[in-house]
Structures are given as C-alpha cells and as structure tokens.
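FYI, side chains are in, hydrogens and waters are out, and symmetry mates aren't considered; it's all heavy atoms of this structure. Counting convention: from 1, in listed order, for ligands and their atoms alike.
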Amino acid sequence: MPLLVNIRNLEKESARLEGELPVADFAPDFKDELLRFVEPLSYELEVDRQGTELTVVGKLWTELECDCGRCLQTYRQELLVDEFAALVPLEGEDAVVVKDDFADLTPYLREDTFLALPTNPLCTPDCRGLVPKAPDRDLRPGDGASDGPAAGVSPWDALKKLKL
Ligand SMILES: [Zn+2]
C-alpha cells in the first residue's frame, strides 16, 4: 500500500499519519552497489491543507544495509530524515496523483529518503580498508584447457550458417 491521505477530510482538519511503508512500495526499483533497503520506511507526519496545496511535515526513518566502500564489510546504519517537509500541489503541472479523493504521498517520501542516503558508506569513519593479502594461488591449470570444436572454425563458417 502506498501512503495515501484523504484530501476531502483535510478541508476540515489536518491529519496525523503514522505507520510504515514496505520497501516494495517506496523503493521498488532502487539499485545501488553499496546500499540496500532492508526495513520498511517508518513515518510520522502531519498533513495540512491550504487551498490547493498540502504541507507535509514530520520525520522518516529506516535502516539500511551498507557495504563499506573501503573494506566491503556489510553493516547496518539508520537513515533518518529528521525534518521532512514537502509542499504538495493539488493542481497544476506538478500536482500529486489523486484517486478517489486520496493523494499519494509516496513519491515525496521516496525523494527525500533517497537524498538522505550516504554517498560514501563507511563501516567506521576511520576504516582503513582491506588488509592486503597474498595473491590467490588456487587456480588449477588444465581446467578448461581443451581446445574443443572452436579450432579450425573460421568466422566465415559461422557467417554461412546464418540465414539472412
Ligand atoms: Zn570498512
């Protein structure tokens, strides 16, 4: 479920929203070499409507699984957006998606969460990186050494097989 707020009710009074957004809803396509979302995004928000605009303020938090950029160790780190604030237009080009009086706030939460991601994750601020180790001598010669049928096959033979 995305995070929806009833904009009709907001004409009367502001709304307080608390809960969790599953990773599949707020970051379904997120891909990063060093970072992964592993917990739902928690939110505590106050939503206020002023005419054709919503103001959303509050905080967001979750936990990340990170790979240290220096030593590659995996560790967990809290991600906190302490002063989340968004102006959500109900009309115009950038208007929020509204369906049956419900506005979807998910994209706004997603944007600020992504902006708060660490750009250079380190397990500790003074991580010294990988300890150099001896080169791996475990390669077995001989494996995959058979010349196989590739020998004697010219690129032209391969081309001839292609029916154009
Ligand atoms: Zn490290």
**Asked** Passes side-chain contact (heavy atoms from CB on, under 4.5 Å), E53 versus L87? Steps please.
**Response** CA-CA 7 Å; E53 217 166 48; L87 270 183; 3.8 Å; yes
**Item:** Protein N/O/S atoms closer than 2.8 Å to the Zn ion (ligand 1)
**Value:** C68 SG, C71 SG, C123 SG, C127 SG
**Message:** Can you confirm if the aromatic rings of F30 and F114 lie within a centre distance of less than 6.0 Å?
**Reply:** yes
**Prompt:** How far apart are the C-alpha atoms of F26 and F37, what are their side-chain angles, what is the distance that settles it, and do they pass the side-chain contact (heavy atoms from CB on, under 4.5 Å) test?
**Reply:** CA-CA 10 Å; F26 79 92; F37 287 104; 3.7 Å; yes
**Request:** Any chance you could measure K59, atom NZ, to E83, atom CD, to the nearest 0.5 Å?
**Result:** 11.0 Å
**Contacts of type salt bridge (charged side-chain N to carboxylate O under 4.0 Å, His left out), residue D104, not counting sequence neighbours** = none
**Message:** Are L109 and L3 packed together at the side-chain level, in the sense that at least one heavy-atom pair is separated by less than 4.5 angstrom?
**Reply:** yes
